[in-house]
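See structure below.
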Protein chains: 2
Amino acid sequence: MSKSQARSGQRRRDILQAALACFIEHGVEGTTIEMIRDRSGASIGSLYHHFGNKERIASTLFLQGLQDFSQALLQRLSEAGDARAGIQAMVDSYIDWVSANPDWARFILQTRGQVIHGEAADKLTAANREQFQKLRAWLSPHVASGTLKNLPLELYRPLIIGPVQDYTRAWLAGRVPHGPDRYRDVFATAAWQAVGANTAFKPASESP
Amino acid sequence: MSKSQARSGQRRRDILQAALACFIEHGVEGTTIEMIRDRSGASIGSLYHHFGNKERIASTLFLQGLQDFSQALLQRLSEAGDARAGIQAMVDSYIDWVSANPDWARFILQTRGQVIHGEAADKLTAANREQFQKLRAWLSPHVASGTLKNLPLELYRPLIIGPVQDYTRAWLAGRVPHGPDRYRDVFATAAWQAVGANTAFKPASESP
DNA sequence: ATGATAAATAGAATTCTATTCTAGAAAATT
DNA sequence: AATTTTCTAGAATAGAATTCTATTTATCAT
């Protein structure tokens with residue numbers, strides 16, 4: 001189970017890579033098994049041996065992407081010194097990951113709707129839940145210490161990631177020319193304004 | 001079957017409604033023409049007479065939804081007095097529309113990825129562009145007058161709608177219990193902080 | 001090493017769906 | 001009323017996903 005895994009693992013990876021390229025180009029519905037077969041060099045039998053059906057190829061790509069990103073995020077988060085750095089780390093992780101894996105990111109952002117209905121829906125739910133727990137674990141102390149606002153937990157993610165995600169979606173769809181990289185600070189600052197307990201009690205410059 | 005139905009386009013509407021229900025329940029890929037036929041009471045021939053193929057049923061629902069929302073948004077925006085009210089109107093429009101049409105909203109948020117690859121991609125692009133122009137028209141004077149920050153145009157939408165959209169997605173997917181309605185002010189305030197040319201601090205009540 | 005067992009590959013055969021086709025009914029138009 | 005157009009219908013077809021059976025390749029126990 002050691003050497004064969006490397007071998008079969010290669011075919012598996014070839015299939016996934018070919019499938020991703022097809023999915024990006026034609027969408028999941030628009031790509032046929034035949035296209036994936038052509039591009040990967042695998043046979044029908046091999047395709048079905050490894051994945052069982054087309055949907056499972058897609059959901060594997062999807063979940064692996066989520067996990068890959070999630071790992072990068074949590075890594076950076078754990079290295080962040082204070083709350084402000086943590087917020088910056090979240091925004092940066094997002095930007096760095098999508099910049100490094102634009103196709104994969106495009107696929108994930110475009111395919112969530114299909115995964116939700118498929119067999120892998122439960123796995124997606126589990127992955128979401130896990131990430132939520134870990135995020136919560138990071139947030140809690142900062143909320144307790146008063147460096148982050150005390151908001152309902154489900155609001156942090158939207159407030160922190162919402163803008164950069166929406167922008168990224170537009171970028172990956174070709175609607176805007178510049179990558180999110182260019183606006184790192186705008187997104188991080190907005191996120192911090194939204195969830196940080198801004199002690200910044202600015203003295204009134206123009207007092208009445 | 002009744003007779004005056006055809007005249008009124010009732011059959012068409014029945015098909016769309018049945019299709020939406022199926023799409024929500026099983027996803028677009030997961031619903032068969034047969035399911036839509038069953039649920040709508042139309043025949044195969046009738047289905048294809050009205051829409052040509054399954055994808056066009058989906059894209060019709062999608063584009064009509066976008067337009068319906070867009071209209072509501074622009075209406076409210078035109079009624080907004082100042083910049084702050086406009087931002088609030090955008091957030092409120094979003095929240096009100098998805099709250100009033102949760103299934104439709106769910107469908108749109110989940111199906112964008114598929115429409116992008118389909119025949120209606122151009123129409124989607126056109127709709128996006130049109131909405132962008134109108135938004136720009138509203139923003140410009142406020143930017144010029146200094147009540148809104150002067151940011152690259154493509155940033156306003158993500159900063160204003162990003163958080164509420166991400167939250168809404170989570171709500172429609174059943175990941176959070178409360179509708180976005182509950183957090184209107186959080187989202188509107190965050191949006192305003194992000195794009196408004198804020199003065200030093202914000203008092204609890206406004207004074208002229 | 002060697003036969004036994006499992007994993008992987010292959011492509012033909014089958015099944016399941018979307019779509020097309022032909023025909024007829026209902027409405028609109030003349 | 002005749003004719004043209006729109007709509008409805010379901011059988012026939014085409015195309016793609018999936019299953020099946022056979023074969024090859026690797027792993028393991030002896």
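Side-chain atoms of B/I44 lie closest to D/dA11 of the nucleotides D/dA11, C/dT9, D/dT19. The side chain of B/K54 lies closest to C/dA18, out of D/dT19, D/dT8, C/dA18. With distances taken from any side-chain atom of B/H49 to the nucleotides C/dA18, D/dT8, C/dT9, the minimum falls on D/dT8.
The shortest distance between the side-chain N/O atoms of B/R11 and the OP1/OP2 oxygens of D/dA9 is below 4.0 Å. Between A/S43 and C/dT9 there is no side-chain polar atom (N or O) within less than 4.0 angstrom of OP1 or OP2.
Atom P of nucleotide D/dA16 and atom CZ of A/R37 are separated by 13 Å, given to the nearest angstrom. When the C1' atom of D/dT25 is taken as reference, atom NE2 of A/H50 falls 12 Å away, rounded to whole Å. One can place CD1 of B/I15 at 10 Å from P of D/dA9, the figure rounded to the nearest angstrom. Nucleotide C/dT9 holds its P atom 15 Å from the CD1 atom of A/I36, rounded to whole Å. The nearest whole Å value for the distance from the CD1 atom in B/I33 to the P atom in C/dA18 is 5 Å. As a whole-Å value, the separation of B/E29 CD from C/dA18 P is 11 Å.
Between A/D96 and A/R184, at least one side-chain N (NZ, or NE/NH1/NH2) sits under 4.0 Å from a carboxylate O, which counts as a salt bridge.
Shown here are the side chain to side chain donor-acceptor pair (under 3.5 Å) partners of A/Q67, two or more places apart in sequence or in another chain: there are none. Looking at residues two or more places apart in sequence or on another chain, you find a side chain to side chain donor-acceptor pair (under 3.5 Å) between A/E119 and A/N53, A/R56.
Residues A/G45 and A/T31 each lie close to DNA chain D; by heavy-atom proximity, the contact nearer the 5' end of the strand is made by A/T31.
A tilted orientation is assigned to the rings of B/W138 and B/H142, their planes being inclined by 30° to 60°.
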